[in-house]
Amino acid sequence: MSDVVRRLRLAGVCTAGIAIVQAAPGLTGLGPVRGAAFPLLAGRGDPGHVALTFDDGPDPAATPGVLEMLAARRIRATFFMLGSMVVRAPGLAAEVAAAGHEVGVHGFEHRYLPLRGPAATRSDLTRATELIAAATGTSPGFFRPPYGVLSGPALLVLRKLRLRPVLWGSWGREWDPGATAGSVLQNLLVGLKGGATVLLHDSDSVSPPGAAAALAALPSLLDECAARGLRVGPVGEHGLVRT
Ligand SMILES: [Zn+2]
């Protein structure tokens, strides 16, 4: 039994059915994962490190700006890519990996996993993983479910694909109406601490426009981490808590 399944069972979540642990754009009413209950899923790691992650790309409209900013600050991050976006911009996906960033899987289509059957889930995640690996020349090791919501069938497929699901403990909520760099930073600071995994988006492809606000908040976020003596990097270097 995987750690994730064991934890969900311990928490009383029926993994044969729907395992709802977090929600993001499109869903409301569920807050960030409780780190104490799901430290692995919440992406909690080394207390001296912050994992920086971007979802929903690669997107020619937003990803290049993020890459430029990260290069200027010499920061590497994890990009959870959508297969449907990689198909449209395979060169950009390769560029992300070539810049030294970690590549993760976010699915092929951005759909709510609990509403999909086992066959559709297996097809989507397998197709996405193969496409992303081929385009980037990497072997992704981490998965972030669309909307942060897992399902029993998804957990089984992830095990076969050797992908570890990772959610987040700090988010910018840049999809909120009227989001600005200031509001994104304020939201990020609520959950920002050593060992946190931070969620931002490098695309507006599946949510209300906000990637520009996320990018605008990024320098201040990195400044804040530096001021606190926190290193920033990809999930693979985060020292994820396993127990
Ligand atoms: Zn997403």
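All of these numbers come straight from a predicted model, not from anything done at the bench.
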Enquirer: Over all heavy atoms of both residues, which pair between Gly104 and Ile132 is shortest? Give the atoms and the distance, please.
Expert: O-CD1, 4.2 Å

Enquirer: Salt bridge (charged side-chain N to carboxylate O under 4.0 Å, His left out) with Arg116: which residues, sequence neighbours excluded?
Expert: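 Arg116 satisfies salt bridge (charged side-chain N to carboxylate O under 4.0 Å, His left out) with Glu109, Asp124 only.
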
Enquirer: Rounded to the nearest 0.5 Å, what separation is found between the CG atom of Leu185 and the CG atom of Asp223?
Expert: 9.5 Å

Enquirer: Let me confirm one number: the CG-CG distance from Leu221 to Leu192, rounded to the nearest 0.5 Å.
Expert: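 That separation rounds to 6.0 Å.
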
Enquirer: Working to the nearest 0.5 angstrom, can you tell me the gap between Arg159 CZ and Leu161 CG?
Expert: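 With rounding to 0.5 Å, CZ (Arg159) is 12.5 Å from CG (Leu161).
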
Enquirer: Would you say Tyr147 and Leu115 are hydrophobically clustered, going by side-chain heavy atoms of ILVMFWY under 4.5 Å?
Expert: yes

Enquirer: Check whether Ser123 reaches the backbone of Ala119 with its side chain - one donor and one acceptor, N or O, closer than 3.5 Å.
Expert: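 Absent.
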
Enquirer: Would Val96 and Thr136 count as a side-chain contact (heavy atoms from CB on, under 4.5 Å) here? Give the steps.
Expert: CA-CA 8 Å; Val96 170; Thr136 62; over 6 Å; no

Enquirer: Would you check if there is a donor-acceptor pair between the side chains of Asp56 and Ser205 at a distance under 3.5 Å?
Expert: no

Enquirer: Do Val66 and Leu200 touch side chain to side chain, with heavy atoms closer than 4.5 Å?
Expert: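 Val66 vs Leu200: side chains apart.
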
Enquirer: Please answer whether the main-chain N or O of Gly236 pairs with a side-chain N or O of Glu102 as donor and acceptor at a distance below 3.5 Å.
Expert: yes

Enquirer: Has the side chain of Thr197 got a donor or acceptor atom that lies under 3.5 Å from a matching backbone atom of Gly43?
Expert: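 Yes; at least one donor-acceptor contact below 3.5 Å.
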
Enquirer: Give the intermediate values and the outcome of side-chain contact (heavy atoms from CB on, under 4.5 Å) for residues Phe142 and Leu163.
Expert: CA-CA 5 Å; Phe142 298 100; Leu163 291 171; 5.9 Å; no

Enquirer: Distance from Asp202 atom CG to Leu215 atom CG, nearest 0.5 Å?
Expert: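 That separation rounds to 10.0 Å.
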
Enquirer: Is it true that Glu237 and Arg76 have a side-chain N and a carboxylate O under 4.0 angstrom from each other?
Expert: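 Counted as a salt bridge, because a side-chain N and a carboxylate O are separated by less than 4.0 Å.
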
Enquirer: Could you tell me whether Arg127 sits above the aromatic face of Phe108, with NZ or CZ closer than 6.0 angstrom to the six-membered ring centre and within 45 degrees of the axis?
Expert: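 Arg127 over Phe108 ring: yes.
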
Enquirer: If only atom types and distance count, is the side chain of Thr78 paired as donor or acceptor with the main-chain N or O of Val103 below 3.5 Å?
Expert: no

Enquirer: Which pair of non-hydrogen atoms, one from Pro118 and one from Pro153, has the smallest distance, and what is that distance?
Expert: CA-CB, 3.9 Å

Enquirer: Kindly indicate, with the supporting measurements, whether the criterion side-chain contact (heavy atoms from CB on, under 4.5 Å) is fulfilled by Leu70 and Leu52.
Expert: CA-CA 10 Å; Leu70 293 177; Leu52 180 60; 3.8 Å; yes

Enquirer: So which heavy atom on Pro58 is nearest to which on Pro60, and how close?
Expert: O-CD, 4.1 Å

Enquirer: Between Val184 and Leu189, is there a shared hydrophobic cluster once you connect ILVMFWY residues whose side-chain heavy atoms come closer than 4.5 Å?
Expert: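 Per the 4.5 Å side-chain linkage, Val184 and Leu189 are co-clustered.
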
Enquirer: Taking all non-hydrogen atoms of both residues into account, name the closest pair between Gly210 and Asp204 and its distance.
Expert: N-OD1, 2.8 Å

Enquirer: Is it true that a side-chain atom of His110 and a backbone atom of Pro146 form a donor plus acceptor pair closer than 3.5 Å?
Expert: no

Enquirer: Is a donor from one side chain sitting under 3.5 angstrom from an acceptor on the other, for Thr53 and Arg144?
Expert: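 Their side chains do contain a donor-acceptor pair, which is all the 3.5 Å distance test asks for.
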
Enquirer: Any side-chain heavy-atom pair from Pro114 and Val149 closer than 4.5 angstrom?
Expert: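 Result yes, sub-4.5 Å side-chain heavy-atom pair found.
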
Enquirer: Looking at Asn187 and Gly172, would you say the former's side chain and the latter's main chain have a donor-acceptor pair under 3.5 Å?
Expert: yes

Enquirer: Specify the closest pair of heavy atoms between Ala62 and Ala211, including all atoms of both residues, with the distance to one decimal.
Expert: CB-CB, 4.0 Å

Enquirer: Please examine the side chains of Ile75 and Leu218, heavy atoms only from C-beta on, and report whether any two atoms are closer than 4.5 Å.
Expert: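 A side-chain contact is absent here, since even the closest heavy-atom pair is not under 4.5 Å.
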
Enquirer: Taking Ser183 for its side chain and Ala179 for its backbone only, find out whether a donor-acceptor pair lies under 3.5 Å.
Expert: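 No, because the side chain of Ser183 does not come within donor-acceptor range (under 3.5 Å) of the backbone of Ala179.
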
Enquirer: Would you say that more than 12 heavy atoms from the other residues, nucleotides or ligands in this model lie under 6.0 Å from the CZ of Arg162, or not?
Expert: no

Enquirer: List the residues meeting ring pair (Phe, Tyr, Trp, His ring centres under 6.0 Å) with Phe54, not counting sequence neighbours, and say none if there are none.
Expert: Phe79

Enquirer: Could you grab the distance from atom CE of Met69 to atom CG of Leu222, nearest 0.5 Å is fine?
Expert: 8.0 Å

Enquirer: Same cluster for Leu131 and Val157 if Ile/Leu/Val/Met/Phe/Trp/Tyr side chains link at under 4.5 Å?
Expert: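 In one cluster with Leu131: Val157, no.
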
Enquirer: Looking at every non-hydrogen atom in both residues, tell me the closest pair between Ala135 and Ala94 and how far apart they are.
Expert: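 It is O-CB, 3.4 Å.
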
Enquirer: Go through Arg231 and Asp46 one step at a time and tell me if the side-chain contact (heavy atoms from CB on, under 4.5 Å) criterion holds.
Expert: CA-CA 10 Å; Arg231 292 171 287 112; Asp46 179 344; 2.8 Å; yes

Enquirer: Shared ILVMFWY cluster between Leu199 and Leu167, side chains joined below 4.5 angstrom?
Expert: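 Per the 4.5 Å side-chain linkage, Leu199 and Leu167 are co-clustered.
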
Enquirer: Taking the side chain as everything from C-beta on, heavy atoms only, tell me whether Val166 gets closer than 4.5 Å to Phe143.
Expert: no

Enquirer: Taking the side chain from His101 and the backbone from Ala77, do they hold a donor-acceptor pair closer than 3.5 Å?
Expert: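 Yes, His101 side chain to Ala77 backbone: donor-acceptor pair under 3.5 Å.
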
Enquirer: Can you tell me how far apart NE2 (His49) and CG (Leu240) are? Round to the nearest 0.5 Å.
Expert: 10.0 Å

